[in-house]
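All remarks here apply to the structure that follows.
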Amino acid sequence: MKKLSCLWLLAACYSLALPAAFSQTQPEKPVEQFNSASRLLNLTDEQLLELVQRQTFRYFWDFGHPVSHMARERSNTAFEYGDEVVTTGGTGFGVMAMIVAAEREWVPRDSVAARLLKMVRFLAKADHYHGVFPHWLNGATGKTIPFSRKDDGGDLVESSFLFQGLLCVRQYFDRDTPQEKELRNRITWLWNDVEWNWHQRDHALYWHWSPNHGWSMDFELRGYNEALITYVLGASAPRYPIDPQVYHKCWAQSSHFKNEKEFYGIKLSLGFDYGGPLFFTHYSYLGLNPTGLSDRYADYQELNVNQTLINYQHCIKNPNGYKGYGANCWGLTASDTYNGYNAHSPTNDLGTITPTAALSAFPYTPEQSMKALKHFYYELGDKLWSEYGFIDAFNETQNWYASSHLAIDQGPIIVMIENYRTGLLWKLFMKDPDIRRGLKKLEFTSPAIGE
């Protein structure tokens, strides 16, 4: 059955990984943190948010790949690939986290810029396909690591997540120093080289292309899912943009685009019934500010708030009777689970709560997210809190607690909490001139880009 062509459908094919510790190479200047074996109590809300962001950042700084400085796919070995696997999309989330670290002075600005410069130099020499990077790379050599048998070429969606982050870096590091000028220039070269229109065939946009298998993956980017950012970047590209009509004739034309029904008394304008996993409301919106953002199809702040509230209400109603669910313990999205990996949602509920779901929802549901954060930290912290922030997921019915962390889950926690606190990444992304032009080409309106 061909449903939604999204990351979790592919990842679910690899759900039998056995955890094993990576041999970690610590950088020369690890981020100073509190002892991960203990927790500070009686923190103010702001102190708790800062602590969670900063501790989670260690995943990208202390555990970043020592050669490429890209984000490792996960903190435990997986899929028999060993410890060299770095993730294109997760790295995009990681570089946005590095901006937060520089802004909040967890790490000196020049140290962050230096690491990012090494990373983009690495990317300039790494495997790419018409400027599009693969889902996974070998962090030491830059060679493609296949994500699946035929997924061994360009991954347009993962590359979108990467460039969402890199464009924020280009905006943030704006000083007239040799280091920051080179960083901006190299990002611009990578950005200009992406042939977004190579992935357009007639009136459809395709997720994958392989030099060995061509278009045989055959995943059209039809909405609604996590790939909205791909269309925004494709329309914004200065050299190889997509035709704006493909947004209307492919993305907006599918059996799971328009919804307009109510679930738990809450209207959902777009997407699957009950909204699907919550990463739909996170990945595209780490940089793309949904506040006041609308087009002919939806008000995107309303859409994201409502999908989150449906997810929240489902966990309160708890129709399956899972242990632990409630107003303080909620959040269903893609993550590890007790029998592998799955895309959890109200219609695919296995009893597994994933902290990133509620914590990355702070801009949408601050009160509910804060209650979940305090529960995860104060009441379940002896089982959930670790050196890299919260573990990936847990299932109290199965008495299962993950030993893993995933880049694509850790990154949004840092970035979306920051967007809730200051709007930093939203401001950076939305002021990019290319992005403003692209959004207008797709007929979006937003106070951030001018009507």
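Note that the structure is a prediction, hence the values are computed from the model and not measured.
- Side-chain contact between S236 and L439 is absent, with no heavy-atom pair separated by less than 4.5 Å.
- In summary, the aromatic rings of F219 and H208 are positioned with their centroids under 6.0 Å apart.
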Could you check Y274 against H314 for side chain to side chain donor-acceptor pair (under 3.5 Å), going step by step and ending with a plain yes or no?
CA-CA 9 Å; Y274 293 90; H314 173 83; over 6 Å; no
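- More than 12 non-hydrogen atoms from other residues, nucleotides or ligands lie less than 6.0 angstrom from CD of E260.
- Using bins of under 30°, 30° to 60° and over 60° for the plane-to-plane angle, the ring pair F163/W191 lands in the tilted bin.
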Full working for ring pair (Phe, Tyr, Trp, His ring centres under 6.0 Å) between F272 and H256:
CA-CA 5 Å; F272 290 99; H256 48 263; 4.7 Å; yes
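- Side-chain contact between T354 and T337: absent, with no pair of heavy atoms (C-beta onward) separated by less than 4.5 Å.
- Salt bridge E182/R184: absent, no basic N to carboxylate O contact under 4.0 Å.
- Counting heavy atoms from C-beta on, the side chains of M416 and F93 never come closer than 4.5 Å.
- Using a 4.0 Å cut-off between charged nitrogen and carboxylate oxygen, R104 and E50 count as a salt-bridge pair.
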Under 3.5 Å, side-chain donor or acceptor atoms of residues 355-366 against the rest of the protein: list the pairs with distances, not counting sequence neighbours.
residue : atom : partner : partner atom : Å
T356    : OG1  : S360    : OG           : 3.0
T356    : OG1  : D409    : O            : 2.8
S360    : OG   : T356    : O            : 3.0
S360    : OG   : P412    : O            : 3.4
S360    : OG   : I413    : N            : 3.3
Y364    : OH   : T281    : O            : 2.7
Y364    : OH   : N304    : ND2          : 3.1
T365    : OG1  : A361    : O            : 3.4
T365    : OG1  : S369    : OG           : 3.1

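- A salt bridge between R239 and D193 is present, with a side-chain N of the basic residue lying under 4.0 Å from a carboxylate O of the acidic one.
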Between Q164 and S160, does a side chain to side chain donor-acceptor pair (under 3.5 Å) hold up when you go through it step by step?
CA-CA 6 Å; Q164 180 178 214; S160 300; over 6 Å; no
Enumerate donor-acceptor pairs with a distance under 3.5 Å from any side-chain N or O in residues 165-175 to protein atoms, sequence neighbours excluded.
residue : atom : partner : partner atom : Å
R170    : NH1  : T188    : OG1          : 3.0
R170    : NH2  : D432    : OD2          : 2.8
R170    : NH2  : D434    : OD2          : 3.3
Q171    : NE2  : D432    : OD2          : 3.3
Y172    : OH   : E103    : N            : 3.4
Y172    : OH   : E103    : OE1          : 2.8

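- A salt bridge links E180 to R109: at least one charged side-chain nitrogen sits closer than 4.0 Å to a carboxylate oxygen.
- D392 and R74 are not joined by a salt bridge, as no carboxylate oxygen comes within less than 4.0 angstrom of a charged side-chain nitrogen.
- Using a 4.5 Å heavy-atom cutoff, the side chains of D295 and T445 are not in contact.
- By the 6.0 Å and 45° rule, R222 does not stack over the aromatic ring of F257.
- Within the 4.5 Å cutoff, side-chain heavy atoms of Y224 are placed close to those of W251.
- L137 has its side chain within reach of M70: a pair of non-hydrogen atoms, C-beta onward, lies under 4.5 Å apart.
- Using a 4.5 Å heavy-atom cutoff, the side chains of S75 and F63 are in contact.
- Between H128 and F133, the two ring planes are perpendicular [angle over 60°; tilted spans 30° to 60°].
- Only one option out of D151, T144, I145 pairs with F147 in a side chain to side chain contact (heavy atoms under 4.5 Å, CB included); it is D151.
- A donor-acceptor contact shorter than 3.5 Å links the side chain of Y59 to the backbone of R72.
- The shortest distance between side-chain heavy atoms of I414 and T56 falls below 4.5 Å.
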